[in-house]
Protein chains: 2
Amino acid sequence: MADINVNAKTATPVSGLAGRPAGDSAPAELTWDIIELLFFAYRDFVGDPDEVLSKLAFGRAHHRVLHFVNRNPGMKVADLLDILNITKQSLGRVLKQMVDQGYVVQKEGAQDRRQRLLYVTPKGEVLALKLAGLQTARINRAFAELGPGAHEAARRFLTAMIDIDNREGVLRLIARADRAKARS
Amino acid sequence: MADINVNAKTATPVSGLAGRPAGDSAPAELTWDIIELLFFAYRDFVGDPDEVLSKLAFGRAHHRVLHFVNRNPGMKVADLLDILNITKQSLGRVLKQMVDQGYVVQKEGAQDRRQRLLYVTPKGEVLALKLAGLQTARINRAFAELGPGAHEAARRFLTAMIDIDNREGVLRLIARADRAKARS
DNA sequence: AAAATATGTCAATATGGCTGACATAAATGT
DNA sequence: ACATTTATGTCAGCCATATTGACATATTTT
């Protein structure tokens, strides 16, 4: 899909091969390459799961819910809302579908009985792992191409791209989830 | 926005600090960290432009159109459809708004008069550069933190994440666009 | 007892995708 | 010359996912 082949022989003539002198770093230089590579990389990255999900009549919203609930068993609804950055009304519909179809369960909190803590069912975990497997395959393919150090470099780059005031929270979340899944 | 602070003191006890032994690379290991970092990094990356756009009653769809038209002046509608991976009906609505509001113009192709080649207006370019500037600021902040070599490493990683059969096309597109903008 | 919190729900609305069908103009092939 | 294909646009309707605002319920906190 999506053969990219722009061939604009336009009015504006290609006036010689202007190309910037190599190694140039003008003050307000725009990093077009990274902007566009991020766009295409992310598009393909979410494309793999999307194909599987569409067969189940699920969308990307369902994927996000399933992913984070699987990674953080027992999380509160409010936590999920914060991570996904959506309203509870939006989450409501998607979450209800996943509960109705047996991918997620909600349990009353032990300490605070107002809470509906979220867990994936075995069926939910199977799907979550399948989707993560697809994404992992792509990532590992990339790392294999790039050689050792690529994983660490990617981790550092992506971390540095996150809002500075959120960064610590994200890293904590990832570390917590690793522990949570490690014991299963 | 979005304080992340998951605090599931759940039924399932955190059984010690299980954490995987460092430097581990089990066979079917899932790269959760990259999966989640990509999610959060991309979320923040598109968040900056989104804020500006929402004030103009534009969405991410408008951003994508403006971005690629600005980068590839004189591109065909069909090229844009391929890149964005959407239907012409979807593009139609968004494109019409941008034309009506004077951000984009369409010119009849010189060789093939069926074509409606796309160009940004000066007004459109101002907006495109403003949005790209926000994203560049984030990227450069990251590179500044990470030190030399970070740009190259990021480029290599993101490139390797793109579908192999699309990769060449994407790289050509980026190179072409660099030349196209260099002469303006 | 009052207030705050966690969650859920009803209703209305917007955006940005989609499909299918059809229209027009221009280029291309026979 | 005529038929076909191509590039684009448009009408109409549908769906998924997001929004806001208002309100309900149960439970915890003060």
Side-chain angles (χ1 to χ4, degrees), chain A residues 1-2 5-10 43 46-47 50-51 53-66 69 74-100 104-118, chain B residues 1-2 5-10 43 46-47 50-51 53-66 69 74-100 104-118:
Chain A
M1 54 152 142
N5 198 348
V6 179
N7 246 322
K9 299 161 200 153
T10 70
R43 183 203 312 123
V46 295
D50 279 358
E51 273 181 57
L53 289 159
S54 71
K55 287 175 197 151
L56 300 170
F58 282 159
R60 206 169 295 171
H62 301 87
H63 185 191
R64 293 197 290 260
V65 168
L66 186 65
V69 172
M75 77 188 308
K76 291 187 298 176
V77 170
D79 294 331
L80 192 49
L81 290 176
D82 270 351
I83 291 173
L84 300 182
N85 239 339
I86 58 175
T87 59
K88 65 181 168 178
Q89 293 90 328
S90 297
L91 175 60
R93 200 179 3 104
V94 169
L95 189 53
K96 190 171 187 310
Q97 291 174 318
M98 309 212 70
V99 169
D100 287 349
V104 172
V105 288
Q106 295 180 279
K107 293 184 195 169
E108 193 172 76
Q111 289 84 20
D112 187 335
R113 288 169 39 230
R114 289 170 306 183
Q115 299 173 345
R116 296 295 122 88
L117 306 181
L118 301 168
Chain B
M1 53 150 144
N5 198 348
V6 179
N7 245 322
K9 301 160 200 152
T10 69
R43 201 242 248 148
V46 295
D50 278 358
E51 274 181 58
L53 290 159
S54 71
K55 288 174 195 151
L56 301 170
F58 282 160
R60 205 169 295 171
H62 300 86
H63 186 190
R64 293 196 289 260
V65 169
L66 186 64
V69 173
M75 76 189 308
K76 291 187 297 175
V77 170
D79 294 331
L80 192 50
L81 290 176
D82 270 351
I83 291 174
L84 300 182
N85 239 339
I86 59 175
T87 61
K88 64 180 169 179
Q89 293 92 328
S90 298
L91 175 60
R93 214 173 351 149
V94 170
L95 188 54
K96 190 172 187 309
Q97 292 175 316
M98 310 212 70
V99 170
D100 287 349
V104 171
V105 288
Q106 294 180 277
K107 293 185 196 170
E108 195 171 76
Q111 288 85 18
D112 187 333
R113 288 170 40 232
R114 289 171 305 180
Q115 299 173 347
R116 295 296 121 89
L117 306 181
L118 301 168

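Only this structure's heavy atoms are used, side chains among them; waters, hydrogens and symmetry mates stay out.
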Subject >> Length of the CG-P vector between A:Asp112 and C:dA6, whole Å >> reply: 7 Å

Original post:
Relative to the 5' end of DNA chain C, which residue comes earlier, A:Leu95 or A:Arg114, by the nucleotide with the nearest heavy atom?
Top reply: A:Arg114

Subject >> Rounded distance (Å) that lies between atom P of C:dG8 and atom CG of A:Leu81 >> reply: 9 Å

Original post:
Quick one: is D:dA18 close enough that its OP1 or OP2 comes under 4.0 Å of any side-chain N or O from A:Thr87?
Top reply: no

Original post:
Taking all atoms of both residues into account, what is the closest heavy-atom pair of A:Glu108 and A:Arg113, and its distance?
Top reply: CG-O, 3.4 Å

**OP:** Whole angstrom is fine here: how far is it from NE2 in B:His62 over to C1' in C:dA14?
**Re:** 12 Å

**OP:** Determine whether A:Leu66 and A:Met98 make a side-chain contact, defined as any pair of heavy atoms from C-beta on separated by less than 4.5 Å.
**Re:** yes

Original post:
Think A:Ser90 has a side-chain N or O under 4.0 angstrom from the OP1 or OP2 of D:dT19?
Top reply: yes

Subject >> Rounded distance (Å) that lies between atom P of D:dG9 and atom CD of B:Gln89 >> reply: 11 Å

Original post:
What is the distance from CG of B:Leu80 to P of C:dG17, rounded to the nearest Å?
Top reply: 11 Å

Original post:
Hey, does B:Val69 have a side-chain heavy atom less than 4.5 Å from the side chain of B:Leu95?
Top reply: no

**OP:** Output the single nucleotide from D:dT20, D:dT8, D:dA18 whose closest atom is nearest the side chain of A:Arg64.
**Re:** D:dA18

Original post:
Rounded to whole angstrom units, what separation is found between the CD atom of B:Gln106 and the C1' atom of D:dT10?
Top reply: 13 Å

**OP:** Could you please name the option among C:dT7, C:dT9, D:dG9 that lies closest to any side-chain atom of A:Val77?
**Re:** C:dT7

**OP:** Figure out the NZ/P separation between A:Lys107 and D:dA26, and round it to whole Å.
**Re:** 23 Å

Subject >> Whether B:Arg64 side chain and B:Ile83 backbone form a donor-acceptor pair below 3.5 Å >> reply: no

Original post:
Are side-chain heavy atoms of B:Lys107 and B:Arg116 found at a separation under 4.5 Å?
Top reply: no

Subject >> Nearest-nucleotide comparison on DNA chain D, the residue closer to the 5′ end among A:Phe58 and A:Arg116 >> reply: A:Phe58

**OP:** By nearest nucleotide on DNA chain C, pick out whichever of B:Lys88 and B:Gln97 is the more 5' one.
**Re:** B:Gln97

Subject >> Euclidean distance, atom CG of residue B:Leu118 to atom P of D:dA7 [Å, nearest integer] >> reply: 14 Å

Original post:
Just checking A:Gly92: base, sugar-phosphate only, or nothing, at a heavy-atom cut-off of under 4.0 Å?
Top reply: nothing

**OP:** Please determine, for the side chain of A:Arg113, which listed nucleotide (C:dT19, D:dT17, D:dT27) has the closest atom?
**Re:** D:dT27

Original post:
Is B:Arg60 touching bases, backbone alone, or none of the nucleic acid, heavy atoms closer than 4.0 Å?
Top reply: sugar-phosphate

Original post:
To the side chain of B:Lys76, which of C:dA21, D:dA7, C:dT7 is closest?
Top reply: D:dA7

